[in-house]
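Here's the structure we're looking at; comments come further down.
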Amino acid sequence: MHEALQYAKLENNGVKCSLCSHRCTINDGKHGICGVRLNKHGTLAAMTYGKISAEAVDPIEKKPLFHYLPGTLSYSLGSVGCNFHCEHCQNWHISRAGLDGAMLRPLEPAEGVKRAIASGSASISWTYNEPTIWHEYALDMGTLARAKGLGTCYVTNGYITEEALRELAPMLGAYRVDLKAFTDEFYKKICRAKLQPVLDSAQLARELGLHVETVTLVIPGLNDSMAEQEGLIRWVIGHLGPETPMHFSAFHPDYRMTDRGATPVATLEKLYKKAKELGLRFPYLGNLYRNPGENTYCPNCNAMLIERQGFSSRFVALEEQQCTHCGEKIEIVRHVP
Ligand code: SF4
């Protein structure tokens, strides 16, 4: 059994987990909302420590991370479980899988780092399912990875608590956070969670010096009003900074949400234009086929800096962190600090 971090013992063998903002109180023999943290006689066990369900070497653009080690590979791992229960989950086969499924196989942190290096990856990403609930494992592997000069990325729903994020920050390079909507109603109804803790974690990640990129899946009829998205863009500019890459992605019907069609390209292009008008330096469009909204343009002279097609990148006019046309400094992490 691997004992969890981030919890307190209560009376009668109860525990209170402080890893994510659900802050579950868990009775003996029960697990938290995420399904992977189990109270064993008053000790909280991290049941997926050292257990993976998925392993791949992805272009980092697939996360999507466009301003963190662009054009490199990221050794990517996933496990099972999630602290959100979103109706449109695109990875439901692992996020909803139980511990007793045949999906899990062992991988020690040091072996993960070895495989990342052998694969030619520049970073390790904890992705596919929610990494927050894999805290102890990611922390151990990430600490080893940083010592070997690798970057480290979380692809997260942002529900981690302040204390857990502060514990994680010394080993974490990039925080790719979903901003699923800008209303509490959406978070409550669709994810069974709250909006504010997500905003708080994104802001804290930024304050702690992590590279932050946001992703919003634009769902017709649920979060696609211009007023809501404008509010979200203004919040990002004001709290995370105008240089924060914001990805607006097309929705496709999935899991339990099949009652609506895909996001029209026109909606996403309108959002892109609005984000630019409001002063966001790097808006991006995602889940589209060959759209110019995937490329990086210089916010000063509009020269194309990086051309993207699918997950492949071509550096056109970017030298380290500078536009070669006008000399503008571009906020992009090219090397692991
Ligand atoms: S990680 Fe979150 S959902 Fe899981 S037990 Fe802890 S507080 Fe509950």
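Atoms within each ligand, like the ligands themselves, are counted from 1 in listed order.
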Specify the protein heavy atom at minimum distance from [atom]: its residue, its atom name, and the distance to 0.1 Å.
| atom | value |
| --- | --- |
| atom 1 (S) of ligand 1 | R37 CD, 3.6 Å |
| atom 2 (Fe) of ligand 1 | C20 SG, 2.3 Å |
| atom 3 (S) of ligand 1 | C34 N, 3.4 Å |

Is the closest side-chain heavy-atom distance between Q229 and M246 below 4.5 Å? no
Which atoms of ligand 1 sit under 4.0 Å from any heavy atom of [X]?
| X | value |
| --- | --- |
| C24 | 3 (S), 5 (S), 7 (S), 8 (Fe) |
| R23 | 7 (S) |
| I33 | 3 (S), 8 (Fe) |
| G32 | 5 (S) |

Looking only at side-chain N and O atoms, does [Y] offer a donor or acceptor that is under 3.5 Å from a partner on [X]?
| X | Y | value |
| --- | --- | --- |
| K63 | S76 | yes |
| H67 | E243 | no |
| S79 | S53 | no |

Distance-minimising heavy-atom pair for A145 and I124: CB-CD1, 3.8 Å
Residue C17, metal atom 6 (Fe) of ligand 1, N/O/S under 2.8 Å: yes
Using the ring of F66 (Phe, Tyr or Trp, six-membered ring only), decide whether R308 places NZ or CZ under 6.0 Å from its centre and within 45 degrees of its axis. yes
Record the part of H31 in heavy-atom contact with ligand 1 below 4.0 Å; permitted values are side chain, backbone, both and neither. neither
For the residue pair H239 and W235, categorise the inter-ring angle as parallel (less than 30°), tilted (30 to 60°) or perpendicular (more than 60°). parallel
Would you say H22 has an N, O or S atom lying under 2.8 Å from atom 2 (Fe) of ligand 1? no
